[in-house]
Trainee: 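Starting off with a structure, shown below.
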Amino acid sequence: MIEKASSGKLSEHELSEIRALIEQRSGILFDVSRERFFSVRVREHLETKKLQHGADLLRLMRSSNVEYDALVERLLTQETSFVRYPSVFQALEKRVLREMHMKKFWENPRSLRVWSAGCSTGEEPYTIAMTICESLEFADAWNLHILATDISRQALNFAERGVYPARELEAVTPKQKEAYFTRAGSDYMVRPKIRNMVSFAQMNLAQAVYMGRFDIIFCMNVMIYFSEERRAALVQRFYEYLEPGGYLFLGHAESVAKIAVKFDTTVYGDCILYQKPIAPQARKVETGNGDTKVASSGGNS
């Protein structure tokens with residue numbers, strides 16, 4: 001049972017309508033496991049706006065994109081930090097980037113495209129950029145591009161500034177701080193070398209927008225906000241957007257096990273790597289009448 005706030009009333013029905021509106025417009029699902037979090041945040045927003053009823057909030061959200069976005073901003077948790085999941089970035093450095101280096105070394109030009117989907121306030125894509133610079137041989141000779149997207153304009157504005165409090169860098173080594181950050185009072189500012197590798201864009205992952213092919217896609221702890229149907233559709237898009245041999249990184253609580261697309265899976269440390277199979281090579285087959293035909297060697301494309 002939800003308690004009544006002193007400055008306004010919020011019924012279960014109004015909460016359900018707000019929840020349904022957000023899922024319909026943004027694809028974000030606040031299920032039973034996040035029911036208390038959802039109700040508390042909506043109530044806080046109602047009080048902030050000094051509204052008397054949940055119906056008043058619904059009218060505002062339906063009539064104004066600004067008001068709708070304001071509540072979504074409050075609901076989206078932005079808990080993150082640099083090198084938040086060390087095992088993930090170890091797998092990126094020791095396995096994925098080494099493989100990409102061998103695969104692409106003789107290409108001209110050598111390029112690497114990475115997508116950080118649901119990048120929040122930017123710590124993840126900047127950590128990816130740091131890892132690439134530290135582990136990819138002759139990184140300066142590569143065309144490197146990291147696309148970082150999020151539904152939250154407020155989070156993206158913070159990311160584009162590239163200024164972070166010291167607590168966000170607790171897992172960053174002193175050598176990395178010196179190489180990739182400058183002091184800005186008590187905070188740290190991302191150096192241009194790393195900042196220029198990342199481009200930020202607002203995007204709702206529930207909507208299909210094609211941005212080209214990628215070698216690596218990060219989507220950490222984002223799909224937990226989607227229904228099973230939307231998760232399946234998103235993973236299918238990730239599969240299509242990846243180059244053959246490309247890798248998908250998901251959060252530890254997320255999986256593609258129930259989804260139809262066929263990734264090859266390997267484990268590096270405690271990190272599960274999802275790799276799009278490399279396209280099968282064509283091979284020549286001699287027919288009985290002396291002709292030659294091209295046949296697939298098997299596998300997924």
Side-chain angles (χ1 to χ4, degrees), residues 22-23 25-30 33-34 37-38 41 44-45 68-89 91-92 113-132 145-172 176 180-181 184 187-191 194-207 209 211 214 216-226 230-231 234-235 237-238 241 247-254 271:
I22 292 172
E23 184 178 6
R25 288 184 58 173
S26 300
I28 300 170
L29 174 64
F30 291 94
S33 66
R34 288 184 291 277
F37 166 85
F38 180 79
R41 289 294 177 93
E44 289 172 352
H45 193 69
Y68 173 85
D69 291 342
L71 177 59
V72 172
E73 294 278 1
R74 186 183 287 271
L75 290 168
L76 294 177
T77 56
Q78 307 294 346
E79 180 185 348
T80 185
S81 60
F82 285 86
V83 202
R84 186 179 182 188
Y85 302 105
S87 62
V88 168
F89 292 101
L92 175 65
R113 294 196 76 220
V114 183
W115 180 15
S116 172
C119 69
S120 187
T121 45
E123 290 90 338
E124 178 181 280
Y126 288 137
T127 302
I128 294 170
M130 288 164 47
T131 305
I132 290 173
H145 180 227
I146 301 167
L147 174 65
T149 66
D150 200 90
I151 194 173
S152 169
R153 182 69 257 172
Q154 181 177 321
L156 291 171
N157 289 340
F158 189 98
E160 287 173 334
R161 287 183 61 233
V163 179
Y164 297 89
R167 66 177 181 275
E168 300 289 340
L169 282 73
E170 289 180 354
V172 176
Q176 289 172 324
Y180 305 119
F181 298 87
D187 297 331
Y188 288 84
M189 179 182 292
V190 176
R191 289 185 183 270
I194 298 300
R195 175 64 187 85
N196 293 339
M197 290 173 61
V198 184
S199 60
F200 293 95
Q202 188 171 21
M203 180 180 295
N204 182 354
L205 290 174
Q207 299 171 353
V209 179
M211 299 91 55
F214 295 90
I216 305 166
I217 297 175
F218 278 73
C219 188
M220 307 287 293
N221 302 320
V222 175
M223 294 200 301
I224 57 174
Y225 291 102
F226 292 162
R230 290 188 187 275
R231 289 175 198 166
L234 182 58
V235 170
R237 282 163 48 208
F238 287 156
Y241 296 173
Y247 283 90
L248 172 64
F249 285 86
L250 298 176
H252 291 300
E254 298 165 320
C271 177

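The structure presented is a predicted model; accordingly, all values stated were derived computationally and were not measured.
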Trainee: Roughly how far, to the nearest 0.5 Å, is CE of M211 from OG1 of T149?
Mentor: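 That separation rounds to 6.0 Å.
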Trainee: I'd like to check M130 versus F181 (side-chain heavy atoms, cut-off strictly below 4.5 Å). Are they in contact?
Mentor: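 They are in contact (side-chain heavy atoms under 4.5 Å apart), so the answer is yes.
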Trainee: Which heavy atom in Q202 sits nearest to a heavy atom in S152, and how many Å separate them?
Mentor: NE2-C, 4.4 Å
Trainee: Taking only residues two or more places apart in sequence or in another chain, which ones pass side-chain hydrogen bond (donor to acceptor under 3.5 Å, both in side chains) with H145?
Mentor: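 H145 satisfies side-chain hydrogen bond (donor to acceptor under 3.5 Å, both in side chains) with S199 once adjacent residues are dropped.
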Trainee: Between Y68 and S26, does the side chain to side chain donor-acceptor pair (under 3.5 Å) criterion hold? Intermediate values first, please.
Mentor: CA-CA 10 Å; Y68 173 85; S26 300; 2.5 Å; yes
Trainee: Identify the heavy atoms of T80 and E168 that sit nearest to each other, and give their distance.
Mentor: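 Nearest heavy atoms, T80 then E168: O-OE1, 2.6 Å.
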Trainee: How about E23: does its CD atom have over 12 heavy atoms from other parts shown lying under 6.0 Å from it?
Mentor: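 Atom CD in E23 is crowded, with more than 12 foreign heavy atoms closer than 6.0 Å.
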Trainee: Between V235 and M223, is there a side-chain heavy-atom distance shorter than 4.5 Å?
Mentor: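 In contact.
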Trainee: Check R74 against H45 and note the closest heavy-atom contact, atom names and distance.
Mentor: NE-ND1, 3.2 Å
Trainee: What pair of heavy atoms forms the shortest contact from N221 to G251, and how long is it?
Mentor: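 So the two residues come closest at OD1-CA, 3.5 Å.
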Trainee: Could you tell me if the side chain of R153 sits less than 4.5 Å from the side chain of D69, heavy atoms only?
Mentor: no
Trainee: Between V198 and V190, is any pair of side-chain heavy atoms under 4.5 Å apart?
Mentor: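 V198 does not reach V190 side chain to side chain.
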Trainee: Backbone N or O of F218 within a donor-acceptor pair of the S116 side chain at under 3.5 Å?
Mentor: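 No; judged by distance alone, with no hydrogens or angles, the pair does not exist.
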Trainee: Decide side-chain contact (heavy atoms from CB on, under 4.5 Å) for I132 and V114; before the verdict, give the C-alpha distance in whole Å, the side-chain angles of both, and the deciding distance to 0.1 Å.
Mentor: CA-CA 10 Å; I132 290 173; V114 183; 4.3 Å; yes
Trainee: Would you verify whether the NZ or CZ of R191 falls within 45 degrees of the ring axis of Y180 while also being under 6.0 Å from that six-membered ring's centre?
Mentor: no
Trainee: Less than 4.5 Å apart, any side-chain heavy atom of M220 and any of R84?
Mentor: no
Trainee: Just wondering, do E160 and R195 contact through their side chains at under 4.5 Å, heavy atoms?
Mentor: yes
Trainee: So L156 and C119, do their side chains get closer than 4.5 Å, heavy atoms only?
Mentor: yes
Trainee: Evaluate I128 against F249 for side-chain contact (heavy atoms from CB on, under 4.5 Å), listing each step before the verdict.
Mentor: CA-CA 12 Å; I128 294 170; F249 285 86; over 6 Å; no
Trainee: Can you confirm whether or not the ring centre of Y188 sits under 6.0 Å from the ring centre of F82?
Mentor: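 Between Y188 and F82, the centre distance exceeds or equals 6.0 Å.
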Trainee: Indicate the atoms forming the closest heavy-atom contact of D150 with S120, along with that distance.
Mentor: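 In this case the closest contact between D150 and S120 is OD1-N, 2.8 Å.
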Trainee: Do the side chains of L75 and I28 get nearer than 4.5 Å, heavy atoms only?
Mentor: no
Trainee: Would you call the rings of F30 and Y225 parallel, tilted or perpendicular, where under 30° means parallel and over 60° means perpendicular?
Mentor: perpendicular
Trainee: Name the residue from F200, Y126, Y164 that meets the ring-ring contact (aromatic ring centres under 6.0 Å, His included) definition with F158.
Mentor: Y164
Trainee: Restricting to non-hydrogen atoms, name the atom on A206 and the atom on F226 that form the minimum distance, rounded to 0.1 Å.
Mentor: N-CZ, 4.4 Å
Trainee: Answer yes if the side chains of S81 and E123 hold a donor-acceptor pair under 3.5 Å, and no otherwise.
Mentor: no
